[in-house]
Protein chains: 2
Amino acid sequence: MPTVQPVTIVDVARRAGVSAGTVSNVLTGKRPVAEATRVRILRAIEELGYQPNLLARSLVNRSSNTLGVVTSGLEYYGPSRTLVGIEAQANELGYSLLLDLLHRPDVDDVAAILDDLTARRVDGIIWAVHEVGGNRHWIAPERLRALPPIVFLTMKSRPGTSILSTDNRTGALLATQHLIDLGRRKIALVAGPQDWWEARERLAGWQAALEGAALDVSSRMIVYGDWMPSSGEQALRRLLEAQPDIDGVFASNDQMALGVLRACHFLHRRVPDDIAVVGFDNMPEAEFLWPSLTSVRQRLTELGRGAVQTLHSAIEARGQGSALAPGVQLLTPELVVRESTIGRND
Amino acid sequence: MPTVQPVTIVDVARRAGVSAGTVSNVLTGKRPVAEATRVRILRAIEELGYQPNLLARSLVNRSSNTLGVVTSGLEYYGPSRTLVGIEAQANELGYSLLLDLLHRPDVDDVAAILDDLTARRVDGIIWAVHEVGGNRHWIAPERLRALPPIVFLTMKSRPGTSILSTDNRTGALLATQHLIDLGRRKIALVAGPQDWWEARERLAGWQAALEGAALDVSSRMIVYGDWMPSSGEQALRRLLEAQPDIDGVFASNDQMALGVLRACHFLHRRVPDDIAVVGFDNMPEAEFLWPSLTSVRQRLTELGRGAVQTLHSAIEARGQGSALAPGVQLLTPELVVRESTIGRND
DNA sequence: AATGGCAGTTAAAACGTTTTAATTAATTTT
DNA sequence: AAAATTAATTAAAACGTTTTAACTGCCATT
């Protein structure tokens, strides 16, 4: 059952009474071809149902029009949303996407993945793996220069690399300042794991805002969670035991904020009357909790799009023998105010 | 700046004092090669930092070891979780993944995507696009037979195709039966859009359970939502206006259940004392709402893995000239019982 | 002592494109 | 009318692999 379809460019050429090169010319449009023969060729293509073999084309072009995307945590909102942006932009620029997932970022074999990607001759790589833990496998610098252009998402700055990220510090500062502006004076932080760069940045933003208002930033006001809701719930219980008069909480992500709200419910603290709560990420559910959750919105799809754009420029640049100046691009997030800080407004 | 790495198999061959064919033999392991020369070749590979060009290999093998994945709604939990399963299984079987996203499933050009996938000579395709709307572009049957093997996820049965799906009907039946077992007698349904196959199946499951207990399944007990939380909230308000004595609700997904819980909160109906609520999907947040949400868990990663396994079998079968019998595989979901039906248990 | 088989190797032919350099035909310039 | 230019086309050489078929030696059969 040869469902395979062996119709090749020379089949088309033969039927159109022309050479393969000419067919290629109308396909790529790189060289002029007489109108009469062009229509003859197009008809032949149509009649035979010819489809070019991109593998062969890539082989001679030394370029596959493909980007490799390495990411992790796709089951969470942030990474998957970013991937959507990456895909959309890649599509618009004519790239296909080769997807690799790190299921356990601290353990998985990065080298093997990079090998496969280069073996498949991707034109560029987007590295969207969260920095987690200290013993995580990193791309060795000497390896880096043997790779195609690469852009890093949400990652600590490294010399010689291109990086895109949300400005986590400013986001946290916006959130905390909002609480201060509402008159809150004892504002606790539910922090993320400090081996994540994002977590450290958000802590720094919280701290900066409070220091600007001369409020308490001592370690009594901080509890560390693990990004998960349950840790947020526990965090608030611990905080309230030690500091019963806390009137504001900034949780470093929405999941932990969820836990905070849950704890408030069972501890009979009214939100926002007794305690105002702000999260970070603006996940889709934030709007529909009770009370709905004030949160910091990252422009995730723009982040993904920006990564592809930067990568595209780098690819073009290298194609012309030059290199693109590496650097850090920060996207400023915005605060979305809801019931958890200003109460019901209906 | 020629960062390109032109080291090819014949470079290796030359350095090892051997022909290209022999190098290929040690690479593929398909034919025996003397131990002495093997080590010589391996050393040459090492020293030159040779990396095989998979494009060239694919060209001659007529197989790219790549699967195309077409999906949509990646920003939601279900599709992204499924993708994780797909990727994991694909990886284990040695496939890479070419990812295509439909951003607007009812509008996007399916033909162009299929063209690109076949042009790139993928070995198989996983079609994980939700069936939505009637005027959505569908893969034309005559096109289907010119494509590589293809597996459909979460889609209505079609003759001659392989399909994997959660058994939505049974899941809905489990959920509703649970409410009945708890003694609830007026059990409403917040249904999904009826142009989705999943939505119709879940309605059928609800109906079957209630009919088994001789309870009211009239249209008064049904409100149709759009999967979003706000529609769930509105739905409950409408239901309670007409039927104030409703004591149980099955929402066709967790998002709408979220809206139902929110409405209950603001309408001062206690959950589960006054109204017991069950959702569908078991999204990560379900566990941490207040009350936590009883829900139906789909085995999403297994769904993804199963799709790849089925596809792999089909590819192997076609490689041997035979075809795999198409069919439908249903994965039975399970009920996760939480506070929204049985109350707080601490 | 011839035959056969086997293990290892290789030269050359694919795979399906694009590109280069050459060739032809048509058109313009002198 | 010859020469020079331009426009289309083509044959052949890439691109980097695998595979086929042929060719060695060498050893074991008879």
Side-chain angles (χ1 to χ4, degrees), chain A residues 2 4-42 44-45 48-66 115-116 118-123 319, chain B residues 2 4-42 44-45 48-66 115-116 118-123 319:
Chain A
V4 293
Q5 155 219 33
V7 40
T8 161
I9 202 175
V10 348
D11 296 327
V12 173
R14 192 176 309 123
R15 171 176 269 242
V18 93
S19 88
T22 307
V23 177
S24 175
N25 287 339
V26 12
L27 251 32
T28 64
K30 287 190 183 167
R31 298 160 54 115
V33 67
E35 188 57 23
T37 58
R38 128 172 274 118
V39 306
R40 207 150 22 100
I41 289 173
L42 287 177
I45 288 177
L48 294 175
Y50 166 74
Q51 284 201 293
N53 185 327
L54 253 45
L55 295 173
R57 184 179 291 178
S58 299
L59 182 57
V60 36
N61 283 343
R62 287 188 174 81
S63 154
S64 59
N65 279 303
T66 303
D115 279 351
D116 187 68
T118 56
R120 293 192 123 91
R121 297 298 189 266
V122 296
D123 297 337
Chain B
V4 293
Q5 155 219 32
V7 39
T8 159
I9 202 175
V10 348
D11 296 326
V12 174
R14 192 176 308 124
R15 173 176 270 243
V18 92
S19 88
T22 306
V23 177
S24 175
N25 287 340
V26 12
L27 251 33
T28 64
K30 287 188 183 168
R31 297 158 54 115
V33 65
E35 188 56 24
T37 58
R38 129 171 273 119
V39 307
R40 208 149 24 98
I41 289 174
L42 288 178
I45 288 177
L48 294 176
Y50 165 74
Q51 284 202 295
N53 185 328
L54 252 45
L55 295 174
R57 183 178 293 177
S58 299
L59 182 57
V60 34
N61 282 344
R62 287 189 175 80
S63 154
S64 59
N65 280 303
T66 302
D115 279 351
D116 187 68
T118 55
R120 294 194 123 92
R121 297 298 189 267
V122 296
D123 297 337

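So that the names make sense, note that chain A is the first sequence line, chain B the second, and so on, each numbered from 1.
Listed pair Ser24(A) / dT18(C) meets the phosphate criterion, a side-chain N or O lying under 4.0 Å from OP1 or OP2. Note on Thr8(B): every side-chain N or O is 4.0 Å or more away from OP1 and OP2 of dG16(D). Side-chain nitrogen and oxygen atoms of Asn61(B) include at least one within less than 4.0 Å of the OP1 or OP2 phosphate oxygen of dT19(D). For Thr22(B) and dG8(C), the shortest distance from a side-chain N or O to OP1 or OP2 is not below 4.0 Å. Between Lys30(A) and dT19(C) there is a side-chain N or O to OP1 or OP2 distance below 4.0 Å. Contact annotation: Thr37(B) side-chain N/O to dT9(C) OP1/OP2 distance is under 4.0 Å.
Listed nucleotides: dC15(D), dT17(D), dT18(C). Nearest to the side chain of Arg57(B): dT17(D). Closest to the Val33(B) side chain, of the nucleotides dC15(D), dA8(D), dT9(C), is dT9(C). The side chain of Ile9(A) has dT18(C) as its nearest neighbour among dT18(C), dT9(D), dA8(D). Listed candidates were dT17(C), dT17(D), dT18(D). Nearest to the side chain of Thr28(B) is dT18(D).
Using a distance-only test at 3.5 Å, with no hydrogens or angles considered, no donor-acceptor pair links the side chain of Asn25(B) to the main chain of Arg31(B). Between the Asp123(B) side chain and the Ser63(B) main chain, no donor and acceptor come within less than 3.5 Å of each other. Between the side chain of Arg15(A) and the backbone N or O of Val12(A), no donor-acceptor pair lies under 3.5 Å.
For a distance-only test at 3.5 Å, the side chain of Arg31(A) fails to qualify as a donor-acceptor partner of the base of dT19(C).
In this structure the side chain of Asn53(A) never reaches within 4.5 angstrom of the side chain of Ile9(A), judged on heavy atoms.
At whole-Å resolution of the value, CZ in Arg38(A) and P in dA8(D) are 11 Å apart. One atom, CG of Asn53(B), and another, P of dA14(D), lie 18 Å apart when rounded to the nearest Å. As a whole-Å value, the separation of Asp11(A) CG from dG16(C) C1' is 10 Å. With rounding to whole Å, Asn25(B) atom CG is found 9 Å from dT19(D) atom P. Going from atom CD of Glu35(A) over to atom P of dA7(D) covers 16 Å, rounded to whole Å. As rounded to whole Å, 9 Å separates atom P of dT18(D) from atom CG of Leu54(B). Rounded to whole Å, atom C1' of dG16(C) lies 9 Å from atom CZ of Arg121(B). dA14(D) atom P lies 14 Å from atom CG of Leu59(A), rounded to whole Å.
Contact annotation for Ser58(A): no contact, since no heavy-atom pair falls under 4.0 Å across all strands.
Inspection of the Ser64(B) and Arg120(A) side chains reveals no N or O donor paired with an N or O acceptor under 3.5 Å.
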